[in-house]
Structures are given as structure tokens and as C-alpha cells.
Amino acid sequence: MDFTPAEFPTTGVSEKEFIDKMIALAKAGEDEMEHLKCVFYTWAVFYEADEETTSGIAEFLANAAEIAEKDTFIKSLTCIL
């Protein structure tokens, strides 16, 4: 079945929903890190985030999820961009 873009349903995902999902994935631990990287990358591209913003959000996620190895976590996320 072929679809045209006009036929795709829109979800209206907000930036807050992206961030909430990233927090949930970060809290879920290492098993969800690959999923978190995908969502983080999608968020960064979709919102055209610059390096300062992506680093700030990565640090925010580390703090929100109470990540012990914060620097490693931040590098792991930001290196995919």
C-alpha cells in the first residue's frame, strides 16, 4: 500500500514529550541506551539543536536520571551528532 505524506497521521509530538521520553529511557538504564541515543539524535536534528544546546540537554538528562557516570553518559549521547 502506497501512502502520500498528506495521508500520514500526525502525532503532534512536542519537545517536552521528547525530553520526557529521553528522561524515562535514561532512568531505565544501560539496556535502553541505544534507544535513548536514537531519540536524542532525532530530537537534536528535528529541533536543529546546536552543540551547546545538545550538551546542556545531555547534562540535564544525566541529572534527571541521577546518572553516576555523568561525563561518560554525556559523551555517549553527544558523540552521535
Side-chain angles (χ1 to χ4, degrees):
M1 175 180 256
D2 292 333
F3 287 98
T4 61
E7 295 172 338
F8 289 132
T10 58
T11 60
V13 177
S14 70
E15 187 171 17
K16 182 182 180 326
E17 289 170 309
F18 264 105
I19 292 170
D20 289 346
K21 177 53 81 175
M22 289 189 286
I23 291 169
L25 290 168
K27 285 182 177 180
E30 189 63 35
D31 291 343
E32 294 296 328
M33 192 61 179
E34 289 304 310
H35 294 117
L36 174 56
K37 287 178 182 180
C38 291
V39 176
F40 184 80
Y41 177 82
T42 303
W43 163 82
V45 170
F46 188 78
Y47 289 99
E48 299 177 352
D50 60 21
E51 186 176 337
E52 183 179 346
T53 303
T54 56
S55 294
I57 289 294
E59 183 173 1
F60 172 80
L61 295 173
N63 291 333
E66 300 177 345
I67 302 296
E69 297 292 325
K70 192 162 87 168
D71 289 338
T72 302
F73 177 85
I74 292 167
K75 286 178 186 174
S76 181
L77 284 181
T78 58
C79 78
I80 63 170
L81 300 173

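Excluded from the calculations below are hydrogen atoms, water molecules and symmetry mates; all remaining heavy atoms, backbone and side chain alike, are included.
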Check whether any side-chain heavy atom of [X] sits under 4.5 Å from a side-chain heavy atom of [Y], and report yes or no.
X	Y	result
Leu36	Phe73	yes
Thr78	Glu51	no
Phe46	Val13	no

Subject >> Within residues 17-34 or reaching into it, pairs that qualify as salt bridge (charged side-chain N to carboxylate O under 4.0 Å, His left out) - sequence neighbours excluded >> reply: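 Every salt bridge (charged side-chain N to carboxylate O under 4.0 Å, His left out) pair that includes a residue of residues 17-34, provided the two are not neighbours, is Lys16-Asp20, Glu34-Lys37.
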Between [X] and [Y], what is the shortest heavy-atom contact and its length?
X	Y	result
Ala44	Thr54	CB-CG2, 3.9 Å
Tyr41	Leu81	CD1-CD2, 3.5 Å
Ile57	Trp43	CG1-CH2, 3.4 Å

Separation between [atom1] of [X] and [atom2] of [Y], rounded to the nearest 0.5 Å:
X	Y	atom1	atom2	result
Cys38	Met22	SG	CE	12.0 Å
Leu61	Ile74	CG	CD1	9.0 Å
Ile80	Lys75	CD1	NZ	16.0 Å

**OP:** Could you tell me whether Tyr47 atom OH has more than 12 heavy atoms of other residues or ligands within 6.0 Å of it?
**Re:**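 Correct, the count exceeds 12.
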Original post:
Above 12 or not: heavy atoms from other molecules or residues under 6.0 Å from CZ of Phe18?
Top reply: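 Yes - once you tally the heavy atoms of other residues, nucleotides and ligands closer than 6.0 Å, there are more than 12.
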Original post:
Can you name the residues that form a side chain to side chain donor-acceptor pair (under 3.5 Å) with Thr53, not counting sequence neighbours?
Top reply: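 Listed in chain order: Asp50.
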